[in-house]
Amino acid sequence: MTNQPEAQAEQFRELFCRIQTELQKRIVGQGDIVERVLTALFVGGHVLLEGVPGLGKTMLVRALAEVANLKFSRIQFTPDLMPSDIVGTNLIAGEENSRKFQFQPGPVFANLVLADEINRATPKTQSALLEAMQEHHVTVGGVQHALPEPFLVLATQNPLEMEGTYPLPEAQLDRFLFKLKVAYPTADEMHTILDRTTAGEDAELQAVAGDAADLLRWRAFIRQVPLAREVQEKAVNLVLATHPENAPEGSKARRYIRYGASPRGAQALILAGKIFALLDGRFHVAKKDLEKAALPALRHRVILNFEGEAEGITTDEILQELVKTL
Amino acid sequence: MNPTRSQLTQLRQRLVLQAFCRGAATAGVGASAGTLAWALASPATWWPWTLVLWGIAILAAAVWAVATAPALPEVAAWIDERAGTCDRFSTLLEFEALPEKDAGFYKAAREECARFLAQFDVRPWAPWVFPKQALWMMAPLVLLALVEWGVRPMWQEPEREADATTVAMAEQLEQMAKKAEESESPEMKELAEALKKSAEQLREEAKGETPEKAMLRELSALEEAIRQAQAAANDLKELAEALAKSEATKEAAEALKEADTEAAAKGLEEKAKQMAEAGADDPATKEAMAELEKALREAAKKMREKSALAEAAAQAAQAARSQNSRALAEALSQLGQTVRQQRKGSQHSKQSMQQMLSALRDMKANRDSQGQGDSQPGDGVGRIAMMMPGNNPGQQGQMGESAGEMPGGQPGSEMDQGSKDSPYGAPAPKAESGQQSQLQGLLGEGESLHTLLPAKPGEEPAKAGYKALYEAAAPAAEDALQKEKIPIGSRPYVRRYFEAIRPKQ
């Protein structure tokens, strides 16, 4: 990686495109989802994927781990899943005369962690993952164990089966950089999926993203992208407008929102905007980058009130109105 | 200035110009409405105020445009939002002001923005647009045009025609002025000037809204002027009578009666000199003083109050009463100077002034009674005037062109039977329409009846009732026959005339 920003930015764009291209060998369509997931990977944020089963969420994460040459682990969340099943536990190990407690890392000790159907686990188990996502370490038996870097959690949840599930608390939701809604594939995409998956083996993926260290360096590079005060003001105004007391008069935000986004939402907007700016060939963040990141970055941070839920208003509608207005 | 700044400056100028146009159009709507309102309220003065209103509107628009001119960062944000430049203007403008502008990403960002913006033309994003408000401006202007050139001529009253009666009266006054100018008397010449001015004034007022008021006003003013002149003449007459009562001043009195004020003044001054030389002890002087004192005191009372002549006479009376010959001499000398200042020939113009006064009174009376009584159509006569000015007593009057010669014979001759076949002379040709007809004759010392009946040229109902006029004139004529020195032989003709013109019942 050279030192000149222009060259580095060019390399980054090439790397990003290469990863996208590789992923497209396994993932049909879902271009936006792939781009957002990669964005989260390079920014260092976690992603919550919401979609019906069978849309390739797990496959996406697996493929990403392969392409990015990262250690991958999958956790299937069930109601009886215990926190220790996630973070690990101390086990007695050793010879008969020299047995001692040895920490056995849980599946969370990976670069890419797929938390499948995270809303099926109990809040206690969910909170165990919460610490790991935020602190990048786990505490077992009073001992902190650092998680490997980069550490990315991609959680999935099924919007259909809500019975017997434990919706993620706002605090945990706020720790996800993006919440992405995986859409059902189109007819053409279905054809492609069937052609690929029902005849022959899956395409071989190449690790084109270097290694974990490279990823960390890219993260540091991306954070250098500057933005004008005017643009940052847009991010601030957008996040503040999600609060009903600051929302524009007569807007849906004022009427249907109970709680607005936290400063993490503004951070998510800026960080995602930097990547989008680089991908667009620019060296500064523009307002349109923030607008592009607005929905995935804020939709899960805004809590509707009863009236909003009763009227079937979605946070996407509210955010789209705010983006147009501000 | 770097290219981006110059681009933004150029854009800013365009935006300010657009704001000015919009502001001017908006203010123009108000100015147009104001112009329309002013034109409706004050048709004569709206033009200059229109320029003032528009000037204020344009100035206000200019001031507003400059005051609200956006700063460069605002212009940058404006163009970024519209032109899809990905905030390059705002970013570049901000980064160029940073101390780290040449480091790392800031430099790369500036260079990338500059490259992009170098090929960007801001002008299409701020095109000149015709302000919509200007359309609203047209509404009051169109209404104004309709009012000014379409409706107002219908609203405006037609130009007044000059009041014929007033014009006729002005012409009468001009004729009177002409006659007065022929007199040698300075007073009459002054009156002639006054008559001319009044005639001019009446002509101007003829098209006014109240020509009648103007007529009465002028006539009253002339009446007053004549009365003043008459009073001055009367003062001299009183003084002459007073001076005649004293032997010492009889000569001066005679001179005054002859209207020779210069001679009278000299006489008084000589007498004053004599009295001063004779001294107060002279019994003749004392007696003369006593006579003079009484006469002058009475005369002063009869004169106009506070007139120079009255005061001088009163002072002379006072001096005579004091039996101080020197004081009397001075007072007589002063009286002589005052007499000298009076107009020569006042006595001779008295008659003319009386005639003028009568004519003016008739004009006023006829103006008041216009349109009343029976009327008979005129016979193509432009004006009917019976005015008889006479310059000196004993001078025969002159008939107008339409009349024949007067019957022969001198006043007072009872043997006169007339020298012509027809006492009325040859028939007078009919006057053409618009021609003035006047009858001028001898005016005696007694009362006279004057009637002025102005009328428009052409056929028109008479302005005064004929029957009323006849009933006023016939008895006066009979009375005159009894009192005046008219030859007995001529009297039947007068009677016959009035019989002939008696109105049919």
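Convention: sequence-line order gives letters A, B, ...; per-chain numbering from 1.
At a threshold of 4.5 Å between non-hydrogen side-chain atoms, the residues Phe95(B) and Asp102(B) do not count as touching. Looking at heavy atoms from C-beta onward, His284(A) lies out of side-chain contact with Leu227(A) at the 4.5 angstrom threshold.
For Ser42(B) (side chain) and Trp38(B) (main-chain N/O), no donor-acceptor pair under 3.5 Å exists by modelled atom type. Using modelled atom types, no side-chain atom of Arg299(A) and backbone atom of Thr315(A) make a donor-acceptor pair closer than 3.5 Å.
When the heavy atoms of residues 270-283 of chain A are compared with those of chain B, the residues falling under 4.5 Å are Leu278(A), Asp280(A), Gly281(A), Arg282(A), Phe283(A), listed by number.
Under 4.0 Å is where a charged nitrogen must lie from a carboxylate oxygen, and between Arg115(B) and Glu112(B) no such pair does.
Proximity to chain A is limited to the side chain of Glu111(B), based on heavy atoms less than 4.5 angstrom apart. The parts of Arg88(B) that come within reach of chain A are both its backbone and its side chain, each placing non-hydrogen atoms under 4.5 angstrom from that chain.
Between chain B and the options Val231(A), Val225(A), Asp289(A), heavy-atom pairs under 4.5 Å are most frequent for Val225(A).
Atom NZ of Lys107(B) is surrounded by 12 or fewer heavy atoms from other residues, nucleotides or ligands within 6.0 Å.
Ring planes of Phe221(A) and Phe12(A): tilted class, angle from 30 to 60°.
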